[in-house]
Number of protein chains: 2
Amino acid sequence: MSQADDKTLSKSQRAYHYIKERIARQEFTPGYRLVLGSIAGELDMSVVPVREAIRQLEAEGLVTFERNVGAHVSMVDDSQYRFSMQALSVMEAAAIALAARHLSADDISRARAVNERMTAGLVDFEPHTFTALNREFHSILFAQCANPRMLELVNAEWARLGHLRYSTFTFVPGRAQESVQEHENLLLLIEAEAPLYEIEKAARHHRSATLDAFLIHEHPDEALRLLSF
Amino acid sequence: MSQADDKTLSKSQRAYHYIKERIARQEFTPGYRLVLGSIAGELDMSVVPVREAIRQLEAEGLVTFERNVGAHVSMVDDSQYRFSMQALSVMEAAAIALAARHLSADDISRARAVNERMTAGLVDFEPHTFTALNREFHSILFAQCANPRMLELVNAEWARLGHLRYSTFTFVPGRAQESVQEHENLLLLIEAEAPLYEIEKAARHHRSATLDAFLIHEHPDEALRLLSF
DNA sequence: CGCAGCACCATGATATACGATTTCGGATAC
DNA sequence: GTATCCGAAATCGTATATCATGGTGCTGCG
């Protein structure tokens, strides 16, 4: 139950984590009506902290709120996933480029280790762990980004994607193989201290390709034109 | 007083706008202690709506909040401004590139009209209106961005910059001249249907140059290495 | 003279109560 | 049979009251 019942947290925060988690595990599905009173009852608190929690979730875009009506879990259609993914491709690539010169040899080898575990995982493919490793790999790369604001935005967008759905790999397992290869290429570029624009280009392409794979899988007809610079 | 006293808004929202506005006009300066009770008193409401308002502002990063202690207006040092600006340079450039093919001839001429008013404003330079026009110009360009998520992020970042300080032009008036010229160049590229990466490059460069101007003005020593692809 | 401990005060956190708004269903009229 | 209106129930919105927490200043002891 994670931190939803941590006694050191304020009740608002407990409610916040509680609702967020139930949304994450799809117990509150998109469109679900969130009734303050009921949730307060479940958590054995009054509605005031629940209201605050929902306001926070609203700010994050997880729920929509209408005055005197109530809160619903946000509707997320495929397009939102695509758009988020594309935004991430742009921001993350820039973040990785900004981080490239700050990555130590140790960072690189840690990233490579993760990528090797991903390679190993290709045989008996398990989308969930693969996705987790993928995120870890990417995190290592942009973690050293010298621009904390950008880091914040990238992390926020990753989190958002996490809420939208599990991952592309669940839907397009074939993409995993390529993905691992592109990871290694990216590492090589960074090690070679390739020009930053090359690194950014590679990183953006890597993510765009993931998105393309997803699009081709779900919407073979309406391909979204991507930036490829 | 704008919308801070609109009777149709909920009290939380009134409080929200009220506080935000006072921060914007520097009446609540960074570090200022926001006391719930006092604000509630000023607005003639109880503390509950004020709490919610502050939670929202916290989510936006305008105020920091510490449990059982209270809220302060966020400290914003120069670096935050730079980081935000850089993030914006990356996102907005991508957004403009994505919008480029969707801009009508009318959009272009509106943008050009704005830019001409900026040119006219160069003679008796007035940072505030110039900044407003600048924002309008940029808005026209990325408004047609096909990716609404990216649009959201770009707008949010513009708003954030607005809170941090008035604008670069206040500090580096000399930048205005170049800026206007770069605007025209950008318009020409879009009209010519230049490759998207060219447009993105130009847009990013335009913003980076603004940031550079600011940096050179404030921190001649520690130049932040920017992405130039 | 300085530091530690305690008590009081300011402020935030939450609960409970009441008022306001909306929504939905049923009844009535056409 | 259908449309419209009215009312009750559900739910949100806010205020007031009480409890918990953290800060600050005073006092007493070393």
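A, B, ... follow the sequence lines: proteins, then strands. Residue 1 opens every chain. Keep in mind that this is a model prediction, so the values were computed, not measured. Only heavy atoms go into these numbers, but all of them, side chains included; no hydrogens, no water, no symmetry mates.
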Phosphate oxygens OP1/OP2 of [N]: is one of them under 4.0 Å from a side-chain N or O of [X]?
| X | N | value |
| --- | --- | --- |
| A:R51 | D:dG13 | yes |
| A:S10 | C:dG12 | no |
| A:S12 | C:dT14 | yes |

Starting at [atom1] of [X] and ending at [atom2] of [N], how long is that distance when rounded to a whole Å?
| X | N | atom1 | atom2 | result |
| --- | --- | --- | --- | --- |
| B:M45 | D:dA15 | CE | C1' | 12 Å |
| B:D44 | D:dT14 | CG | C1' | 12 Å |
| B:Q13 | D:dG13 | CD | P | 10 Å |
| A:L36 | C:dT21 | CG | P | 18 Å |
| B:R33 | C:dT11 | CZ | P | 6 Å |
| B:K11 | D:dC12 | NZ | P | 19 Å |
| B:R67 | D:dT21 | CZ | C1' | 9 Å |
| A:E52 | D:dC12 | CD | P | 15 Å |

Q) So does A:R160 pair up with A:E60, basic N to acidic O under 4.0 Å? A)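 No, no charged N to carboxylate O under 4.0 Å.
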
**Q.** Presence of salt bridge, A:R204 and B:E200, under 4.0 angstrom
**A.**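 Salt bridge between B:E200 and A:R204, a charged N being under 4.0 Å from a carboxylate O: yes.
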
**Q.** B:F65 or A:E66, whichever maps to the more 5' nucleotide of DNA chain C
**A.**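 Its nearest nucleotide being more 5', the pick is B:F65.
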
Under 4.0 Å, counting only non-hydrogen atoms across every strand here, what does [X] touch: a base, just sugar-phosphate, or nothing?
| X | result |
| --- | --- |
| B:V47 | nothing |
| B:V48 | base |
| B:L34 | sugar-phosphate |

Q) Within a strict 4.5 Å, meaning less than it, do heavy atoms of the A:V50 and A:K11 side chains meet? A)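 Contact flag for A:V50/A:K11 side chains = no.
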
Q. Going by heavy atoms in the side chains, are A:E52 and A:Y16 under 4.5 Å from each other?
A.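 A:E52 does not reach A:Y16 side chain to side chain.
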
Q. Of the candidate nucleotides C:dG12, C:dA15, C:dT23, which contains the atom at the shortest distance from the side chain of A:V69?
A.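 Out of C:dG12, C:dA15, C:dT23, the nucleotide with an atom closest to A:V69's side chain is C:dT23.
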
Q: Choose from D:dA15, D:dT11, C:dA15 the nucleotide whose nearest atom is closest to any side-chain atom of B:S46.
A: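 Output: D:dA15.
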
(Q) If the test is side-chain hydrogen bond (donor to acceptor under 3.5 Å, both in side chains), which one of B:R22, B:E21, B:K20 qualifies with B:Y18? (A)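 Among B:R22, B:E21, B:K20, the one meeting side-chain hydrogen bond (donor to acceptor under 3.5 Å, both in side chains) with B:Y18 is B:R22.
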
